[in-house]
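Comments concern the structure below.
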Amino acid sequence: MGKSTSMKSANRFYWNIGFAFFAAFCLANSSTCHADDTAYLRGVSFYNEKNYPQALKHFVAAVKTNPNNATALYYAGLCYSRSNAHDQASQIFRLIVQRFPKSQEAKLASTYLSAAPASPVQTTTTAASAARSESLPDQVIIPFSKGLGGHLMVDGELNGRPLRMIFDTGANSCCFGQNSLDQAGVSEQASRNAGYASGVGGNIPVKTMTASIKAGNLCRRLPILVQKNLFAPLLGQPFYEGYDYYIDNNAGIIRFTKQGSNSKSQSFDSVEIPYVEMGSSHIFVEADIDGCKLPVCFDTGAGGGISMSLTQLAAAGMSIPQDAVPTRVRGVAGESLAWTFKARVVRVGAIQKAGLPVTVLQGSLPCALIGEDFFGQRTYTIDKVKKVIRFSR
């Protein structure tokens with residue numbers, strides 16, 4: 001199997017599953033099938049395990065078999081919702097209301113639609129649209145320091161109030177805790193409900209507001225997500241949309257270069273590792289963990305080694321070793337029971353590290369993460385045109 005075959009297959013699956021679902025509904029109107037509960041029951045089983053992609057696959061099959069299975073259709077919408085794909089979820093729930101107006105599923109779907117949650121994809125798209133009308137600098141240099149757990153901490157401002165933030169390549173939104181806003185004296189209040197944020201610890205309700213964020217000489221007005229408490233604000237992808245970025249661990253700076261500008265990023269003798277973008281511009285690379293391969297999200301907000309859920313562990317063909325240590329970890333959505341152990345060797349492209357800590361969460365996690373501990377003090381740049389991460393040797 002090629003270096004990125006498994007990641008490309010996963011990418012195609014996430015894109016095609018939505019098409020398969022709506023194709024199923026078109027076919028349902030022109031053919032008659034006998035009801036078969038097998039796919040539906042398997043979907044429920046995966047749903048209860050919080051394996052939403054697999055659950056969705058089976059609910060799609062159940063609707064193909066029985067076009068009048070409103071419950072399977074409703075569960076399919078929930079799978080999208082739990083995966084923060086709220087646009088797709090809303091389409092399905094509207095379809096339920098139209099086709100099964102007197103059903104209990106229609107009542108539940110109407111309740112969901114009345115809350116009108118906004119998906120992270122919408123937030124990012126809005127930010128990208130706003131960026132096109134902004135006058136942005138060609139190059140931005142932002143100093144950083146290493147915080148607890150190896151997080152890249154930068155000094156910034158929210159609506160003119162100073163805040164220390166985590167530069168987080170794994171966050172597809174800029175996310176703040178109300179506790180940080182109160183501490184900084186930000187008077188504006190988040191008002192619109194935006195559904196739930198997913199992360200380490202599970203799901204947590206969030207609201208949205210539009211705010212001005214500044215770091216270095218880059219200032220943007222963006223939609224942000226606000227939850228009740230967060231250990232530190234997350235400076236996510238919408239803030240640096242349209243920029244390549246170069247992280248110099250020796251100098252302690254992040255250099256952003258506007259895509260298409262004449263400014264040149266610093267070059268160095270490098271190792272190039274290809275990546276793919278999945279979901280809302282998440283950067284995924286293929287990690288080899290003791291011979292088992294798994295797509296992992298390159299996440300500067302994850303200060304440790306590798307983090308994954310039990311489902312992702314099983315998907316990689318791995319199991320928790322007997323010497324793993326039970327613990328509790330804290331993330332965006334609170335705490336979760338977990339097990340930690342050290343991998344013998346982890347490889348990503350030509351880079352490898354022995355004894356990297358691996359954390360397996362009992363709760364759900366949208367994707368497996370690889371953090372700063374793996375790349376250590378290497379200098380690297382993200383080339384979004386060539387879709388490679390370029391590391392110093």
Side-chain angles (χ1 to χ4, degrees), residues 13-31 33 35-37 39-126 172-173 190-199 202-208 223 225 227 278-280 333 364 366-367:
F13 170 75
Y14 281 106
W15 279 105
N16 291 340
I17 195 69
F19 171 78
F21 179 80
F22 290 109
F25 239 94
C26 293
L27 291 171
N29 290 326
S30 60
S31 62
C33 304
D36 181 359
D37 289 339
Y40 169 75
L41 293 174
R42 292 195 68 186
V44 171
S45 178
F46 279 115
Y47 182 88
N48 289 336
E49 294 173 2
K50 295 184 171 61
N51 187 343
Y52 301 122
Q54 282 298 320
L56 179 60
K57 178 180 177 181
H58 289 289
F59 289 133
V60 168
V63 174
K64 279 185 178 181
T65 303
N66 180 7
N68 294 318
N69 192 337
T71 306
L73 187 58
Y74 178 73
Y75 265 115
L78 287 180
C79 288
Y80 277 119
S81 175
R82 295 294 187 268
S83 302
N84 284 330
H86 296 298
D87 286 346
Q88 294 92 328
S90 294
Q91 290 180 55
I92 292 175
F93 290 136
R94 281 194 290 269
L95 193 58
I96 292 172
V97 172
Q98 292 170 4
R99 293 199 52 168
F100 311 101
K102 296 183 179 180
S103 67
Q104 181 64 27
E105 288 80 5
K107 292 180 182 178
L108 295 170
S110 296
T111 301
Y112 177 95
L113 291 169
S114 65
S119 72
V121 175
Q122 287 180 314
T123 302
T124 304
T125 302
T126 302
N172 60 358
S173 297
S191 57
R192 184 185 171 203
N193 290 327
Y196 293 84
S198 297
N203 297 328
I204 192 166
V206 292
K207 293 184 177 182
T208 186
L225 297 181
Q227 63 185 68
M278 293 170 61
S280 302
S364 62
C367 55

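This is a predicted model, so every value here is computed, not measured.
Across all their heavy atoms, Ala106 and Pro101 have their closest contact at CB-O, 3.7 Å. Between Ala70 and Ile96, the shortest heavy-atom contact is O-CD1, 4.5 Å.
In this structure, Val44 and Phe59 have side chains that are in contact, with non-hydrogen atoms separated by less than 4.5 Å. Between Phe100 and Leu73 there is a side-chain heavy-atom pair separated by less than 4.5 Å.
A side-chain contact (heavy atoms from CB on, under 4.5 Å) with Tyr40 holds for exactly one of Asn69, Thr65, Val63, Asn66; it is Asn69.
Between atom SG of residue Cys79 and atom NZ of residue Lys57 there is a gap of 13.5 Å, rounded to the nearest 0.5 Å. Rounding to the nearest 0.5 Å gives a distance of 8.5 Å between CD of Glu105 and OH of Tyr74. Considering CG of Leu41 and NE2 of His58, their distance stands at 11.0 Å, rounded to 0.5 Å.
Scored by the ring-ring contact (aromatic ring centres under 6.0 Å, His included) test, Tyr47 finds Tyr52, Tyr75 as partners (sequence neighbours excluded). Contacts of Ala61 classified as side chain to side chain contact (heavy atoms under 4.5 Å, CB included), with partners at least two apart in sequence or in another chain: Ala39.
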